[in-house]
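Following: one structure in structure tokens, then a few remarks.
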Amino acid sequence: MKDLVQFLTEAGDEVVLEKRLKALLTPKEINEMQHRLQILSLLEQGVPQRDIAKQLGVGIATVTRGSRALKELKEI
């Protein structure tokens, strides 16, 4: 994980960072990451998990995983 973080943080600007992410991830993986960011955002807004799952077309388990991740981020 340390190598990945270093690779991404050394990008220098958004254009280089985007290119590095595209080099590492498939379009499907990028889409999944975008969904995860949307999940975190909606959870922070207080949207119920079932509504998020329905709105984004993802499983409730995916939203629950996002909820756990958000709690962990807030503990940092």
Side-chain angles (χ1 to χ4, degrees):
M1 179 68 101
K2 189 175 183 178
D3 291 340
L4 176 60
V5 171
Q6 182 177 354
F7 178 72
L8 294 174
T9 57
E10 289 177 350
D13 64 47
E14 289 183 25
V15 173
V16 176
L17 179 58
E18 185 175 331
K19 286 181 181 181
R20 288 183 178 201
L21 285 169
K22 285 182 178 180
L24 292 172
L25 303 168
T26 66
K28 182 179 177 181
E29 291 168 332
I30 291 170
N31 188 48
E32 288 173 8
M33 289 181 68
Q34 290 173 327
H35 267 136
R36 289 179 186 177
L37 288 171
Q38 287 178 308
I39 290 167
L40 294 178
S41 175
L42 291 168
L43 286 167
E44 286 186 317
Q45 294 173 39
V47 178
Q49 289 188 23
R50 291 193 188 283
D51 292 350
I52 294 171
K54 185 176 180 181
Q55 180 179 335
L56 298 179
V58 298
I60 191 70
T62 301
V63 180
T64 301
R65 184 178 337 122
S67 179
R68 276 188 259 123
L70 185 59
K71 287 176 187 174
E72 289 176 10
L73 285 172
K74 289 182 177 183
E75 292 174 358
I76 296 175

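A quick note: this is a predicted structure, and the numbers were derived from the prediction, not measured.
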Tell me whether the count of non-hydrogen atoms from other residues, nucleotides or ligands lying under 6.0 Å of CD in E32 goes above 12.
yes
Are L43 and L37 connected into the same hydrophobic cluster when the rule is that any two of I, L, V, M, F, W, Y join if their side-chain heavy atoms are below 4.5 Å apart?
no
Do the side-chain N and O atoms of Q34 and Q38 include a donor-acceptor pair separated by under 3.5 angstrom?
no
Test question: given the 4.5 Å side-chain rule for I, L, V, M, F, W and Y, name all other residues clustered with M33, or answer none.
M1, L4, V5, F7, L8, L17, L21, L24, L25, I30
Supply the members, apart from V15, of the Ile/Leu/Val/Met/Phe/Trp/Tyr cluster built from side-chain contacts under 4.5 Å; use none for a lone residue.
none
Would you compute the distance between atom [atom1] of [X] and atom [atom2] of [Y] and round it to the nearest 0.5 angstrom?
X   : Y   : atom1 : atom2 : result
L73 : R68 : CG    : CZ    : 13.0 Å
L40 : E44 : CG    : CD    : 6.5 Å
Q55 : I39 : CD    : CD1   : 10.5 Å
I52 : L42 : CD1   : CG    : 5.0 Å

Please check if the side chain of T64 supplies one atom and the backbone of I60 the other of a donor-acceptor pair under 3.5 Å.
yes
Is K71 paired with E75 through a side-chain N to carboxylate O contact shorter than 4.0 Å?
no
Tightest non-hydrogen contact, residues R20 and A11, listed as NH1-N, 3.8 Å
